[in-house]
There are 2 protein chains.
Amino acid sequence: MKPVKIGIIGLGTVGGGTVNVLKRNAEEIARRAGRQIVITRASAKDLTKQRICDTQGIALTTDPYEIISDPEIEIVLELIGGAGAVKDMVLAAIANHKHVVTANKSLIALHGNEIFAKASEQGVIVAFEAAVAGGIPIIKAIREGLSGNQIQWLAGIINGTGNFILTEMRDKGRDFYDVLAEAQALGYAEADPTFDVEGIDAGHKLTILASIAFGIPLQFDKVYTEGITQVTRADVEYAEQLGYRIKHLGIARKTQEGIELRVHPTLIPERRLIANVNGVMNAIVVKGDAVGPTLYYGAGAGADPTASSVVADVIDVVRALTSDPENRVPHLAFQADALHNIPVLPSQQFKTAYYLRLNAEDKPGVLADVTRILAKHQISIDAIIQKKPTDDRALVPIILLTQITLENEMNAAIAEMEALPTVTGRVNRIRLETLG
Amino acid sequence: MKPVKIGIIGLGTVGGGTVNVLKRNAEEIARRAGRQIVITRASAKDLTKQRICDTQGIALTTDPYEIISDPEIEIVLELIGGAGAVKDMVLAAIANHKHVVTANKSLIALHGNEIFAKASEQGVIVAFEAAVAGGIPIIKAIREGLSGNQIQWLAGIINGTGNFILTEMRDKGRDFYDVLAEAQALGYAEADPTFDVEGIDAGHKLTILASIAFGIPLQFDKVYTEGITQVTRADVEYAEQLGYRIKHLGIARKTQEGIELRVHPTLIPERRLIANVNGVMNAIVVKGDAVGPTLYYGAGAGADPTASSVVADVIDVVRALTSDPENRVPHLAFQADALHNIPVLPSQQFKTAYYLRLNAEDKPGVLADVTRILAKHQISIDAIIQKKPTDDRALVPIILLTQITLENEMNAAIAEMEALPTVTGRVNRIRLETLG
């Protein structure tokens, strides 16, 4: 068969990595795909910039629309990232009957429903494996590998920056802002780290995973996101003493009442494999009714790992060039007309266990007050640690682990605890999942 | 689109599980596949036997060929296992233009080359996700998810029985044969445990994984297999003291000289995720040049987990019913005419590090003799533990960790050590991989 011509929009980290992988592994890729895959054109904002890839043999331009309108190009790779102008480019490529491969999580999370609808109208594919967890083939695993299952829940470390920070806090007893500054210096974290540390980036990825797991539309606006800025070194240490690690997880769970979509710091038992995923690495646990728990681990970012997924998508699309558009793997795993609008629950309705840390005066009766409040809200206690005073103000940290409860009850209980005259400051609450 | 009719040969654990999953998740599966998947016929040796599944609505027979020759059936599921008569059934189904889904590792490992050639002639698919690591979608991950990579190596815990035994030996300080007896009682191990504990079963699976990773023909006869019967409780404990766990791994590695295909007990650093995969669970690490190390974890056996992969294959095949046979995912990941006959290395040419345990007389000069022999064979030592005598014969166990060396050199060194008058019995050797 004749070579397939592709065009790349964006020659930064991911675009450059994709050029490198396609060139370096050209022979092996052709042996797999049965056809050569040739990059004929690429666009970048500034053509004079130093690049990580060799662009020999590729016609360069500053205008992405030259690629989008090239009649010889069958697949357009959108590797710029972000939303805005990029959305128009992707829609234009679809309108021109191009298949699209993208690594753009926010584009898919925010505009995927519209993009996939247009793609289906035109009979083209928009592939996005690289949008979630970099090189881990997690979209394929859920969408195809576990297609016989009812997915019950999934939980993932899907932001490498956050995991790097939490790993350093635990391994070296460092403080959050100290590690964040290092992560920024190392290039793991952006100058504005909000997307990473506040869970927005993980929220985008969770939106995508939940949609393909449960057959629901993409709905980022309904994801509860909580960052890791409130996790202290003390919390990490207390968790450790109780046999837990704190990880920033994206969790999607299907319950009788609806779907929980939440990103937050989470205590997980240290014996779980995912509790031992450290540094910038990503991992996702997916629990299916037939398969049980499965885990997928690998690099969640970086030029070459992300390119690994982009190139896999390109090969998938090449095979689909000759396929019946009515009988392909659906973009969101379920047929477009078979998505269900299962309600996404507000955070008040989440059901989870909790780690609570509060500072109390070193007086008799404090613990009795706290446990009375919890009992009133039908919250059972699994473990209590009461520490010696940490400073001369004679405040004692009290740490509690609770059993699973309704978040609404916990919110009320925390408000009452904070109102106790013997309790100082806020009650620090971190959710706890056994992932069993 | 109209429903797809399938027939199942074999209603034991895997067949029964597949019926259960297809029935239980019928609605969800149809939402994904875009078509209903209906089991119209099934065969079993004994129709009076009690089953784990409800066969209502399925026409039962004792003759598999009734299914194979049914013109309405498009996909035949071979879920008997074993080779022999089963091979003829699969070839007959192919000759009748049926697509085949199988969970049969020995069939694929031993006869896959022939079966895939016939399938390609007839333009049908033989899918075998369930043949390796049960419910983990590892075939799909390597064949499609990592298709942009040159795979450098893979290493897997791909036999649950062996992992259960080694886990119990470590966790509870038990002896091999004691745990084996329990595994047999629990149904994890067969009455004749040879296939599991001697690495034959893992060898079949490794044969398949290596073929799709490197683009080489299936060649089980060239796999080096070593069982776990020689691993003692003492080895497990010494490994632990040195920071390692012993796992029964299937390893495939591409080197300049050729391909290593080996199944053997292996020391791996305890900090590696795969070192913490316990009980009957399976996991495979796959290292690609672009993606780096990735890991896939889940249940490697059992009715429902295996059915998870069988059903995923059925859905894949349903989608491929309308596809161009020339442009599908190739059976062995690489186009049939693009497989390379890269030499598989004899074990003498393996390169690996070693754990050695020997029993020596408690006399001066023994360690000098041992280290002199290793130095002569250019084998560097990483660590030495010399224990106090364990019994009244005053023999001392000496434990050594070496750096990477050629197996041929190690064989010679071990022969010389065993010939030392001060060394008693055999030198117990376990290979060591850092999997870095």
Side-chain angles (χ1 to χ4, degrees), chain A residues 1 17 21-22 24-25 28-34 129 135-137 140-141 144-150 215 271 273 276-277 283 288-299 304-305 307-312 314-316 318-319 321-324 326-330 333-335 338, chain B residues 1 17 21-22 24-25 28-34 129 134-137 140-141 144-150 215 273 276-277 283 288-299 304-305 307-312 314-316 318-319 321-324 326-330 333-335 338:
Chain A
M1 284 192 273
V21 171
L22 279 168
R24 183 171 79 227
N25 296 349
E28 195 125 346
I29 289 167
R31 283 174 64 208
R32 288 199 178 95
E129 180 64 77
I136 307 172
K140 187 175 279 286
E144 303 172 39
L146 305 182
S147 58
N149 289 264
Q150 295 184 48
R271 68 179 181 281
L273 227 44
N276 295 284
V277 170
D289 71 330
V291 74
T294 58
L295 177 143
Y296 310 84
Y297 162 91
D304 269 27
S308 170
S309 286
V310 170
V311 174
V314 170
I315 295 172
D316 271 3
V318 165
R319 289 196 174 113
L321 291 175
T322 59
S323 70
D324 169 10
E326 297 298 309
N327 202 24
R328 290 175 185 153
V329 181
F334 292 73
Q335 303 294 316
Chain B
M1 284 192 271
V21 171
L22 279 168
R24 184 172 76 227
N25 296 348
E28 195 126 347
I29 289 167
R31 283 173 64 206
R32 287 198 178 96
E129 180 64 78
I136 307 174
K140 186 174 281 284
E144 303 173 38
L146 305 182
S147 58
N149 290 261
Q150 294 184 48
L273 225 45
N276 295 286
V277 170
D289 71 329
V291 74
T294 57
L295 178 141
Y296 310 85
Y297 163 91
D304 269 27
S308 170
S309 286
V310 169
V311 175
V314 171
I315 296 173
D316 271 5
V318 166
R319 289 194 175 116
L321 291 174
T322 58
S323 71
D324 169 10
E326 297 297 310
N327 202 24
R328 291 177 185 150
V329 182
F334 293 73
Q335 302 294 316

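From a predicted model like this one, the values you see are computed outputs, not experimental measurements. Lettering follows sequence order; numbering is per chain, from 1.
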Legend entry - Partner residues of B:A33 under the side chain to side chain contact (heavy atoms under 4.5 Å, CB included) criterion, sequence neighbours left out: B:I37, B:I315
Inset, instruction - For each of B:L321, B:I29, B:L273, tally heavy-atom pairs with chain A at distances under 4.5 Å, and name the one with the top tally. - result: B:L273
Legend entry - A:R328 portion near chain B, given a 4.5 angstrom heavy-atom threshold: backbone
Inset, instruction - For chain A, find which of B:A312, B:G134, B:G145, B:A290 contributes the most heavy-atom pairs closer than 4.5 angstrom. - result: B:A290
Inset, instruction - Using non-hydrogen atoms and a 4.5 Å limit, figure out which bit of B:E129 sits close to chain A: side chain, backbone, both or neither. - result: neither
Inset, instruction - Flag the one option from B:N149, B:V277, B:N276 with the top tally of heavy-atom pairs under 4.5 Å to chain A. - result: B:N149
Inset, instruction - Examine distances only and state if a side-chain atom of A:R31 and a backbone atom of B:A338 form a donor-acceptor pair shorter than 3.5 Å. - result: yes
Legend entry - B:N327 (side chain) donor-acceptor with A:V318 (main chain) under 3.5 angstrom: yes
Inset, instruction - Please identify each residue that fulfils side-chain hydrogen bond (donor to acceptor under 3.5 Å, both in side chains) with B:E144, with sequence neighbours left out. - result: A:K140, B:K140
Legend entry - chain B contact via A:V329 - which portion, at a heavy-atom distance below 4.5 Å: both
Legend entry - Residues B:N25 and A:D289: side-chain donor-acceptor under 3.5 angstrom: yes
Legend entry - B:I136 CD1 to A:T294 OG1 distance, which is reported to the nearest 0.5 Å: 8.0 Å
